[in-house]
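In what follows, a structure is listed as structure tokens, so that the remarks can point back to it.
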Amino acid sequence: VEQVICDRMQAICEGTAAAMGVKARLVLAPDVRATINDPACTEFAIRVAQDVVGAACVITDRAPYMAADDFSVMLKLRPGTYLHLGQGRGPMVHETTFHFNDDIAPIGATLLGQLAERSLAQLA
């Protein structure tokens, strides 16, 4: 499927460029794949998040969804997990109507700090 999409994008670029009397070059980043979390790292992050905010505030049964992020490249090099820090209902972070809830920043900082501290403690 990916190859078909890339081929079609190339054909569209070439056709549009020819129609406009210009040249076009399509550059693809094939290393950015679906973001797939490491199960052990995910379980670790869930436990830490539950300790920080309480189990009732940690959603663990979300259905998978189509997502790709450059973090997927990192996950190919090291096991890890990509998680969402919820801030209530509303638009997601990359939407134009998104407004950051400043009240969530201390919770996010605490979560990240605890993840780092507990990860390092496991190495000792």
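FYI, the numbering just counts along the sequence from 1. Side chains are part of it too, since the values below use all heavy atoms of this structure and drop only hydrogens, waters and symmetry mates.
Grouping the Ile, Leu, Val, Met, Phe, Trp and Tyr side chains by contacts below 4.5 angstrom, directly or via other members, places F71 apart from L83. Hydrophobic clustering (side-chain heavy atoms under 4.5 Å, transitive across Ile, Leu, Val, Met, Phe, Trp, Tyr) keeps V73 apart from I36.
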Can you give the donor-acceptor pairs under 3.5 Å from side chains of residues 54-63 to other protein atoms, not counting sequence neighbours?
none

Cut-off 3.5 Å, no hydrogens considered: what does the side-chain donor-acceptor table look like for residues 91-102, sequence neighbours left out?
| unit_1 | atom_1 | unit_2 | atom_2 | d |
| --- | --- | --- | --- | --- |
| E95 | OE2 | M92 | N | 3.3 |
| N101 | OD1 | D103 | N | 3.0 |

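For the salt bridge (Lys or Arg N to Asp or Glu O under 4.0 Å) condition, no pair includes a residue of residues 78-89, sequence neighbours left out. The stretch residues 7-29 participates, sequence neighbours left out, in these side chain to side chain donor-acceptor pair (under 3.5 Å) pairs: Q3-D7, Q10-E14.
Legend: residues meeting salt bridge (charged side-chain N to carboxylate O under 4.0 Å, His left out) with R118, ordered by chain and number and at least two apart, are D51. Taking T42 as the reference, T81 meet the side chain to side chain donor-acceptor pair (under 3.5 Å) condition, with sequence neighbours excluded.
A 4.5 Å side-chain heavy-atom check between L28 and L26 finds at least one atom pair inside the cut-off. Taking the side chain as every heavy atom from C-beta outward, S72 and Y82 never approach each other to under 4.5 Å.
A donor-acceptor contact shorter than 3.5 Å links the side chain of D38 to the backbone of A40.
In this structure, CE on M74 lies 12.0 Å from OG1 on T35, to the nearest 0.5 angstrom.
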**Asked** How far apart are the C-alpha atoms of I46 and E43, what are their side-chain angles, what is the distance that settles it, and do they pass the side-chain contact (heavy atoms from CB on, under 4.5 Å) test?
**Response** CA-CA 5 Å; I46 288 170; E43 287 301 318; 4.0 Å; yes

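Closest non-hydrogen pair, S119 versus L115, comes out as OG-O, 2.7 Å.
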